[in-house]
Each structure stands twice: as structure tokens, then as C-alpha cells.
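Report on one structure; see the data block that follows.
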Amino acid sequence: MPALPTTDYLDQVFFLSKQVTEDHADPETMLLSFLREKLRLTGTKYGCGGGGCGACTVMVSRYQPANKTIIHYSANACLLPLCQLHGAAVTTVEGIGSTKTRIHPVQERIAKAHGSQCGFCTPGMVMSMYTLLRNKPQPNMEDVTQALAGNLCRCTGYRPIVDGCRTFCQETNCCRASGAGNCCLNREERTDGPEDEKPKLFDKEGFLPLDPTQELIFPPELILMAETAGPRTLTFQGERMTWVSPASLQELVQMKSSNPKAPLVLGNTNIGPDIKFKGVLHPLIISPTRIAELFEVTHTLNGVWVGAGFSLSEVRSLLEKLVPQFPEEKTELFKALIQQLRNLGSEQIRNVASLGGNVMSAYPNSDLNPVLAAANCKVSVISNGGRREVPLNQDFFVSFGKTVLKPEEILLSVFIPFSRKGEIVRAFRQAPRKESSFATVTAGMRVVFSEGSRVVQDASIYYGGMGPTTVGAPKTCAAIITRPWDDETLSQAYDVLLDELALPPSAPGGQVEFRRSLTLSFLFKFNLEVLQKLREMSLCLQNVITNELPEKMQIQPLPKEIQHSLQEFQHVSKDQSSQDPVGRPIMHRSAISQATGEAVYCDDIPKTDRELFLVLVTSSRANAKITGLDVSEALQLPGVVDVITAGDIPGKTVRTFSGYDEELLADSQVSCVGQMVCAVVADSRVHARRAASAVKIGYEDLPDSLFTVEEATEKSSYFEPRRTIERGNVAEAFKSVDQVYEGEIRLGGQEHFYMETQSMLVVPVGEEAEFNVYISTQWPTSVQDAVAETLGIPSNRVTCHVKRIGGAFGGKVTKTTILACITSVAAWKTNRAVRCVLERGEDMLITGGRHPVLGKYKVGFMNDGKIVAADIQYYLNSEDGSVTDITSSCVFCRWLRKFCFIWTTSTTSQICVATLPTWSTMCKITTSCSQIQVRELNMYKGPSVTHYKLEFSPENMLRCWEECKLKSDYGARCRAVDLFNQQSRWKKRGISIIPIKYGIAFSESFLNQGAALVHIYRDGSVLVSHGGTEMGQGLHTKMQQVASRELHIPHSKIHISETSTNTVPNASMSAASFGTDANGMAVKNACETLYQRLEPLRQKNPGGTWESWVKAAYFEKISLSATGFYRGPDLYMDWDKMKGQPYAYFTFGACCSEVELDCLTGDYRTVRTDIVVDIGKSVNPSADIGQIEGAFMQGLGLYTLEELKFSPSGLLYTRGPSQYKIPAICDMPLRFNVHLLSDSNNPHAIYSSKGIGEPVLFLGSSVFFAIKDAVAAARSESGLVGPFPLRSPATAEKAFLACASPFTHKIPTSKPGSFKPWALNI
């Protein structure tokens, strides 16, 4: 490699309008780490590191001297190299507004619309919306949903975020926009008078107006530089890599010729993840971002040459501008590409990913390449040998990630031709999620008809996702060309295509039957679209089509317009003081700070002096002996301080959960891939990660590795005790029934996917073996105890601090404690502060999630649908013995037997109690009655007793059920669904209504306690501390409301700083939806004590103020500090007697969901969801409705979308948002209505409220059953009746295959055992 120019300073880049100079810009440094670690701008969050979650979204602005315009675009800071920002201005969430200056309208509206719960995703949401408004101050809803499509949220369910952003829109489809007097939004909320007006969650009338003139200006210095500075080569030298940005095309060609292996990087969306996740190292990277020839558009008579450097967003914008400029017949290809570009990646990815990079990456499942190839596009390349044009066809793609171009050749531009008369071009894609998802299968198809004829003159078909490269189907095309476009031709084409595109059953990526079926399905879709297009082209007048395509056969895209939703809750009493916030929709107390990026999370805490970073080394084998651990190479790397092993632990080396021990660090044997073996500590996270990858572990595989329930069953590998509940003589009962039905259900596991990964910082105090632990955990006391036992010191030497948690959902209890113990050992051994923040992939590999479940049932019932007997067995695939809940059901059965087996396997350790379905909803009762009639016949009624002998009243459950039917207009919609299905062959609708009865509190009675400490200061301000942790559920906000009511002061006078073990000791975990119940009563108790102490002073000075009474109390030596305690209910479950009271009370609810299913792809859309929930008297309706919506969406993910996949050796494939899809904004119901049951009381909890965090998750299954209903309609159309299996999650693959279309029947099935599957069926 020839000598490169001297390293440059990075000085022409502005952050928040301030110029920043970086003397040593390392090419491996991404903008995100620079912002957080160098500039201390921590509002931009790390969520995944791969551009898949949007938490790190920033706005990048650049000046374009050619047209003298400034462009703004959103980008993922985790993928944006610092070296690439020369000449750019970067705006982060801190730059648009803060509580110290003024907040921006975007920040205000998302916060006040209750769109920020845990708040970790909020800065990214804010910046995506802010960038949209900088480019389009008056967007429409499609603009909003497109802008937010790349931002994930696990807490809110998206509805409040959408509602907050909707306030910037002028919606043309609303009658308000047309000046109609009686707005459609008011019809369902019409009341008799102002006093009866229904309360709203927020009032948009008081929002700050959006004023574009007040935004940050683009730095004039950068404009001057762009206009006057001469071109010069930029070179940045890092620790392992050199980055060069040439100034001219000639220089670029020479450099590439000299360094043919050096990659060209424009968007870094391909090379970046390879470096980060695959460990690929490129000594030299060439960045041609300033080569003008890569950004040229050349128009010709036959089409347009588009520069390879244009971003995908710019390409889409260009094509959208060209479409109206030309006759429709010329823009077929343009429109097909626009369609693909709308769903390719996220807005942030499309804004930086280049056209040339997309072509040259040659991904096998590329969205664009099949379309470009089908349309006979070509590319222009240049090298030292000159320029040439290369056809973009099947010969262009030679192998995985490789093209026919020579290593030294540079892609200059892509030719996109005009279509011609009689030519039809279409694009297709199917992905695990509708947006921001790599495609499973893509296709580009083109057909040309002879003028005035239905004979095919030419055709080309290309697929992505059907092999290691983009593949063509020339034999299929040959079967079509010169033949008339009719059923006979297409029927033959399907058979040829099936033979032409074969996939082996063990093909990488799996889903072989689905992928092969999709190739046929896409061709059939193309057929339908061609028939529709031909009719539009009026060629039918010339006998091109003999029979008109029946309307029932026509296809339309799934609906996607998000409608206005209802959130219904009760007014507070007219007698309630206006100062009393209880029962009112109070904004989350930290929402504004979260929206401005000022809220501090664990990894936002500034570095301490000599702080170290810890990275874990995990097992790559399942069920194996450790034969050696070589850390010598790791210790020699730069910045490495030490390697922590099991031998370094001074105290207890295991933690005990559910009666089973788990090693902190494996010493002699590992049981699963991802088990922690040792940990590297170094002076930076980069050095620690490099060293961790250098650690070598020797293994000796042990026999009998078990991964599936079936394997565990065969080996009788299970955890004790095996639980049983039996009521009555089940065997005898089966003899008296009319019918018996047996079957099984399967539920896949689920990753918690909290937005903030496991994070902690352990700081030695420096004397008397004291340690401060700053951590993101649901159970600070457990961390305190565990760290103390691990280090062999008393608990009073360990203080655990939790400011806030960026989401948890049960995933930050047990494994968090173990991680804290390992980190504390490193801090103890080095006597330095040690920070540990897991990468997303590490987090998913190490921590586990919700259990996969196999349920087997045998149900005996009468002909009228009355269930008489049931025998049910649950099998949980687990590695830690967590006990499941087998006590919940909404139906009464006189004779019942339930078993629960928890199998021990070699999959990743599972750490969350499973949310099992009620068997009555999962199994199919075959009678002449409808499903709803069967459910209603078997529901609890009147004074009732559960199968574990707990007495309760189901009155409110039945009220929720009836109100849900009424609010959702269930009867009329069922009829509408039937009518829709009669009129549509390839799209079907389904509807389902599901009830819940969910127990609240811990069956382990000692956990049902709460404690609080309340201080009143001399100025009258109040500091509340309690044992619960704030993780987005609004617990701190509710505690503020409780204290406000009890002390009779405005909640603005009350502050909650953090949860810490030195203020409230021995607190229980924040879980089981019991946080408000326990801590609320404790805070109430402390405040009552203080209020009573002030009573004599109030009597002495009845006209005084709160501040005067407090000051008087101080001078009279009255204590202004009090503890509060709540001794919760004594709950238990006696498994020997099969009876108990495991819950304090039940939260009830019902949910009706309707879906529309594309039977040709398995894709679906939730058209509408109506939820009615009994939560007693809500302490805070906005928080509780947010919890309901968030839980529902997480349940929707569990039952329809999120799929964990393991390799045959036990490795988790799905270790990040690229592979594991949680619901995005495209998955929220188009109409999402939530109603809180009115006039409900609950004497067992604070202010008659009820716990709400977990119960509604199961209502997400209503979407599963609606999909199953739609699938049943599709099967019925094909003549298939009766029960059929549909496993959860009901992904597009499973729904499509269950529809049993004619195309799935064509795919030959491989015999299990005859091949090694790509993924296990866990």
C-alpha cells in the first residue's frame, strides 16, 4: 500500500451549532460513542448498535453548494462514522430544547400526550419527528408513520406517541379539515352538557406552537467552507484502521487500483455491522462521499442514469418527482422501485445507505436487486482501464456478497430505463415485520405484451431470498414467452418455477416451505396485477382478456391508515379538591426530562477517575466440560487490566433462585451457549471487547444435550417439584360426557427486549470495604444482598442506587443480580470503578426470556358446549426451574386436572414466569355453538370458587365482557367480517373476543410488603423515597400523587430522587403488578404520620400555609421525617392440598380484535382493537391506559410476531432487532380503543385501585385468535373444515401455511430426521 497523506484533524463539524475539533478521529469511532463519551451528550441512547431500534437517532445537516440548499436527514448515530462528518452539522436531542432554556414543541407534545414511559426510546422518537418537521412543517399521518417506522418502543404501544405527533398534522381525511360542523371525532363522545363532557388524557390547546423561524440555523462557517475551500484529501489514522476520503474521481480510481481490497463506504450500513458484529477488520477504508460524479443524474431518451452515491431516500425522492413528468406507461419500473424503497430499512437507514452500496453488497434477500435485474437495468463502472457498462442480470451476482465486477472497479451509476407500451413491472416482498425488516423473499417481475395482443413478447423474473444470490427464473420465463397470458400458461409456469427454484430443507435461514411457497404466491399475485393492469390499459377491447377478472379475485394492499382512537375513563368526583391529583391523568413526572435527553440512566452517569469497563466472555458450547481457559493473549492487548474468573470470587460463588443454584462464572462445566465463563476489564469498552474476543476456551462435549421439550421428555429431564392441581374425579367425569377432544398448543418464548440493556456501575468507596452500586434493576435489595455475599462483606457496606430503568418487564431481576456480582468482583479486585453495559446481542444471549410452552389437553363436553371435564398438562422449556402460574382461568370446570412440568434443557437460561393462555381459549370445542357461546356458557357466574378453592366474585369480569361486546359492536362486526370474506378470495378478515382473570400480588407471602421514607424540609418541599423502582410504569408519579393527597399539598412540591437501599432497606422487587399496591400504602402510611404530627400546628394557626406549619414544626422540634410500612396480604399456595390463596384479588378485562389477512403472504394488519379493563379506581388513568396499551402490544408480539430461533447446537440466532422483531408502529391496531370499567371498587389496594402492569399482556392473544379466525375462513374457501393447528406466535409464515393455499400444496415436504434443520423447533 503506498504512503497515505498525513492524518488530518476533524475540525469542520458542528455539534449543536458549536464547532468541535477532534485531533485523533479514529475510523472505528462511531458518532454515538463520540457524543456520549467525548462530548458527554448522553441524551442520544445506545439501544442495539446496529441501526435497528432508533434510540440513537440524530439529525445531520449538510450544505449543498451545487443548488445552494441545506438538507436535513435523520440517521442512526451508532452506524455513522465520526470521520464521515466533515462539513456536517449534527443536532442531538439536547440541542433542540431543554428544561433550562425552553423545550421544543416536539418534546412537549410527546411528553404531555403521555408518549414517554420508561423514556429510553423518547430522544430517538423526538429526533425522528423533529427532522420530519424541519423538512415538512405540516406533515400528514403517512409522513409521521414513515418517520417513526425505524424507532422501537417496548412500553407505550405507540398510540400516545402517534397522538402527540398527530397534533402537528392537518389531516385531510377529517371533516374538521373540510369545515364540517359536526366532527366525526365528537360523535362517539357527544354528551348532554359541559358538565358531562368525557375527560381527556391531554389538552392540545395549550401546546406550544411550532415556529420554524426559531430553529437552530445551519452554521455559516460550513457554508463558507463549502463555497470557498478547495478540494483536499482527508485522511484519518486510527489504532487499527485508516480512513481516506479522496477529493476527485481520478484520485479515487488510483487509490482503489492500488488497494483493490479496500471497501468503499458511503452509508456504513453494510461494512459497519460487519466490523461491529462479525469482527471484520479493514486496514484501509475509502470514503468517496465528496466525489461529484457519484451524485449526478443524467437523463436520456431511454431512461435515467442515477449516481451510485445517492442515498436510497434521495433515489426515492428523485423517482417520485419523475413519475408525474412522464406518461404512465413509461414509469412502471419507477413505481415498482418506489414501492420497494418505502419498506427497505428505516428512514434513518435509507437516508444514509447508498444505491451503489445496495447493489454491490449483493445481499441474497435484496429488495432492489431483483427489481433492477428484472427490468434490464445496467451499471456504469470505472477503473484504471477505463469505463464500461455491465448488465445487471443473474450473471452480475456470482456468490454471496460478490458481484462480477473486478476488485479495482468502482460503480459510478445505475441506469434505470423507462418502461414501454405493453410492459408491466411489479415488485414484491415479504418480511417478518411490515417495515424496518430484512425481507424473507423479494421478487421483481416484468412482462411485455405484443401490441394489441395477449401474447407475451418478453418476460423476466428475479427473486431474492431463494439462494446465496439474487436468482433469476429463465426457464419459467421461457414457459411464458410467446404464449398467451392465461390460466393454462400460468399453471405450467408454476410447475416450472417450483422445479427451477429448489431450496434444500436445511438451507440457511430456514422457512424453506414458506419461501418456496412465496415464489409461487408472488407469481400468482403478479398474474392478478397483470390482469388488472391489462384491463386498465383498455387492451381488453382488443381481446387481450377474454374473461374479466372477478372482483372477488382482485387484490388490494392491506389497510394502513391509523385512525383516531378512544381512551375512556371516569371523571374524579365533583367533591374532590382541585389540588388532589389522584384519579387524574397526570403526566409522567420525568416525561419532559426524558424527552429533552436530560433524564439520567445508568450508563449516562459520568465516568469516574480510572474507571474500567467489563466485558463478559460466554460459552460457545452447550453441555460441555471446560478443559482450558487461556487468557494470555487477551492480557497482552492494549488497555487490558485483568481477567476475572470464578477463582477470583472471594465469597459465595453461586446464586440460588427457585431452589436451584446458578454459578456466577462457570468453572468446570457449561450447560448452555451464552453461559458466563469469565470477564475482561480494560480501560475502555473497545479494548475490553477486543480482549474478550481473544480469550480461548477449550471444551469437551458431554453426551445428551437436550434442547426441545420432546428430548427432555424422553430423558425425563425436569425440575422438581412437578405441580398438580386436581378437582373432582376427572377419569369418572370423562365417562359422562357427550364428546371428548384432545389436542396440544405451543407457545414460543419471548425476549424481554427492554430498550436499555443490562447496565451497572460498581464504585469502591475506598474505605471499610464499602461499595456503591448504580444499576438498572427491579430488585435493589437482591443486588445488595448478592454483592455482599459475593464479596464476603456485610450488606450494610453495599448501597444500591436505581435512578430509573429503561424498561424491564421482569428481565432485570435474577440475571441482573448475577451480572452485578461479577462486576463487583472486578471492582473489588482492581479497587477501581467498573462499568458493565451489555451489547444487545450479549444481553439476549445471556439473559433468557419468557418460557416456550407445550400444552396438552383433553376436554370432555356436552353437545351444547358445556365443559364437564378437562385434563391439561403444561411443559415449560427452561433451564432454571422458574415456576409457572397454572392457576388462572376465566371458566369454571367442575372436574379439572392440571399438571405443570418444567423441563431442564440446554437452551439459554429463562428468567421470567410464563404467561400461559387459559386452556378454554386455546383449544377448539367442536359443537354446533359459536365460540363465543361456548365461552359464555362456561364462564364463572355468581359467587364462584376457583379450582384451587379461592372464593371470588366474577361480576366485574362479566361486566368487562359485556361492555367489550357493546363498545366493539361485536355482533355487527362479525356480520361485516362474514360479508367481507364472501366478497374477497385472497384477503380474509377474522375477529375474536377474549377475557382475562389475572391474579395480583406474590404467592410467596413475604414479598407482599412495602416501605417508604418521607422527609419534609424546612422550606416545605417534600422528598419521598420508597422501595419500588421506576421503569416506565409511572410508579414514582403515582407515589407523588399519593403523597400529594395525604399531605394536602400540590404534587409539584414533592420530589422523588431515586430508589436506594440506604434509605429504604429490605424492599421487595417491583414486579407482579404489585408496585403501586405495596409502595403506595407505605407512602400513605408515612404521610399520614407526618400529617398527624402537624395537626396541632394547623389547629393553632388555621389560616396558615403549608410552609408556615412546617417551619413552626421545625422550631418546635417536631420530627419532619417518617417511615411508612405496608404489611401486605398473607398469601399462599398449598400444592399438597391443591388449595390456597395465591392472589390478593383479580384484575379483569376483555378484548376484541379484528384483523385483515393477506392469504397469499401471511401478512396481516390489526384493523381494530377494543379493550375494556377493570382496574378499580385508577390512581392515574394516563399511566394505567399506557400500561394497558403497552402490555397489549407486547402480547401481540408474543402471540403473533416475536420468534426466538436456536441453531441445532443451541446458539440463539435472534440476537438483535435485525433478527428478532418486536412490534413497531406498523403493528399497532389502526384503531386502538381502551375503556376503563366505571364504578368499580377494590378494597384490597390503595384508593380502591388495581394492579395493571402484567394482566393485559394475554389480551394480545385476541389478535392471534382473530388471525386463526381469518385462516379458518381461507381454509373454508378451499374446502377445508374442522380444527387445524396454528402455533404461537402466528407469524406470517405460520398463518400463510395454515391457509393451505393451492401453492403450499405444491411444495414437497421433507421427512423429519432426513436432514439437519437450520433452526430447532424450541
Side-chain angles (χ1 to χ4, degrees), residues 159 173-175 184-190 434 550-566 568 921 924 928-936 960-995 1150-1172 1192 1196 1200 1226-1235 1259-1278 1280-1281 1286 1290 1295 1298-1299:
R159 194 276 313 160
N173 62 335
C174 175
C175 40
C184 57
L185 304 182
N186 297 328
R187 288 173 194 161
E188 291 192 53
E189 301 185 12
R190 197 167 53 231
K434 288 176 277 293
E551 187 174 339
K552 183 175 181 178
M553 298 289 287
Q554 295 179 23
I555 56 173
Q556 298 293 333
L558 293 172
K560 64 177 183 178
E561 184 181 328
I562 298 176
Q563 303 169 30
H564 288 271
S565 302
L566 294 175
E568 211 169 49
T921 58
K924 171 77 172 179
S928 58
C929 305
S930 68
Q931 292 185 34
I932 192 170
Q933 288 174 322
V934 171
R935 289 200 181 103
E936 290 179 342
C960 288
W961 178 259
E962 293 300 327
E963 282 207 22
C964 188
K965 288 197 297 181
L966 178 65
K967 299 281 188 184
S968 65
D969 200 10
Y970 180 75
R973 286 172 58 204
C974 283
R975 294 188 291 274
V977 164
D978 290 339
L979 180 62
F980 180 94
N981 292 339
Q982 290 170 20
Q983 297 174 345
S984 174
R985 174 64 182 93
W986 300 114
K987 284 204 306 179
K988 298 295 181 184
R989 287 200 172 189
I991 191 169
S992 176
I993 182 168
I994 297 294
C1151 176
C1152 176
S1153 289
E1154 180 182 349
V1155 303
E1156 188 170 311
L1157 175 72
D1158 183 341
C1159 305
L1160 294 174
T1161 62
D1163 203 3
Y1164 79 94
R1165 196 78 199 230
T1166 308
V1167 177
R1168 177 174 169 179
T1169 290
D1170 293 88
I1171 301 176
V1172 178
F1192 171 84
L1196 180 147
T1200 72
C1226 60
D1227 299 296
M1228 67 173 282
L1230 297 180
R1231 189 168 183 191
F1232 198 177
N1233 299 329
V1234 175
H1235 311 269
L1259 292 183
S1261 70
S1262 62
V1263 179
F1264 172 93
F1265 291 112
I1267 292 172
K1268 192 166 187 179
D1269 190 43
V1271 169
R1275 293 171 62 87
S1276 176
E1277 186 107 25
S1278 300
L1280 302 173
V1281 295
L1286 181 64
C1299 285

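Heads up: numbering here begins at 1 and tracks the sequence.
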Atom pair [atom1]/[atom2] of [X] and [Y] - distance to nearest 0.5 Å:
X: K967; Y: D969; atom1: NZ; atom2: CG; value: 12.0 Å
X: L1230; Y: K560; atom1: CG; atom2: NZ; value: 11.0 Å
X: E1156; Y: Q556; atom1: CD; atom2: CD; value: 10.0 Å
X: S1153; Y: D1269; atom1: OG; atom2: CG; value: 12.0 Å
X: L1280; Y: C1299; atom1: CG; atom2: SG; value: 10.5 Å
X: N1233; Y: I1171; atom1: CG; atom2: CD1; value: 9.0 Å

>> My understanding is that only residues two or more places apart in sequence, or in another chain, count here; which of them pass side-chain contact (heavy atoms from CB on, under 4.5 Å) with A1273?
In response: N981, K988

Ignoring hydrogens, what is the shortest heavy-atom contact between [X] and [Y]? Give both atom names and the distance.
X: L1160; Y: D1158; answer: N-OD1, 2.9 Å
X: A1290; Y: I1267; answer: O-CD1, 4.1 Å
X: L1157; Y: G1162; answer: CD1-O, 3.6 Å
X: A1274; Y: R985; answer: O-NH1, 4.4 Å
X: V1263; Y: T1200; answer: CG1-CG2, 3.9 Å
X: C974; Y: I991; answer: SG-CG2, 3.8 Å

>> Could you check whether S992 and S1262, counting side-chain N and O atoms only, form a donor-acceptor pair closer than 3.5 Å?
In response: no

> Any ion pair linking R973 and D1170 (charged N to carboxylate O, less than 4.0 Å)?
Replying inline: yes

Could you tell me whether the side chain of [Y] reaches within less than 4.5 Å of the side chain of [X], counting heavy atoms only?
X: V1234; Y: R159; value: no
X: I994; Y: R935; value: yes
X: F1232; Y: T1166; value: no
X: V1172; Y: E962; value: no
X: E936; Y: K965; value: yes

> Hey, is the main chain of Q933 close enough, under 3.5 Å, to the side chain of S930 for a donor-acceptor pair?
Replying inline: yes

> Does S968 use its side chain to pair, donor to acceptor, with the backbone of C964 at less than 3.5 Å?
Replying inline: yes

> Is the Lys NZ or Arg CZ of K434 less than 6.0 Å from the centre of Y1164's six-membered ring, within 45° of the axis?
Replying inline: yes

> Quick one: does NZ or CZ of R989 land under 6.0 Å from the six-membered ring centre of F980, within 45 degrees of the ring axis?
Replying inline: yes

>> Please evaluate residues L1286 and F1264 with respect to the criterion side-chain contact (heavy atoms from CB on, under 4.5 Å), reporting the C-alpha separation (whole Å), side-chain torsions for both, the decisive distance (0.1 Å), and the verdict.
In response: CA-CA 9 Å; L1286 181 64; F1264 172 93; 4.2 Å; yes

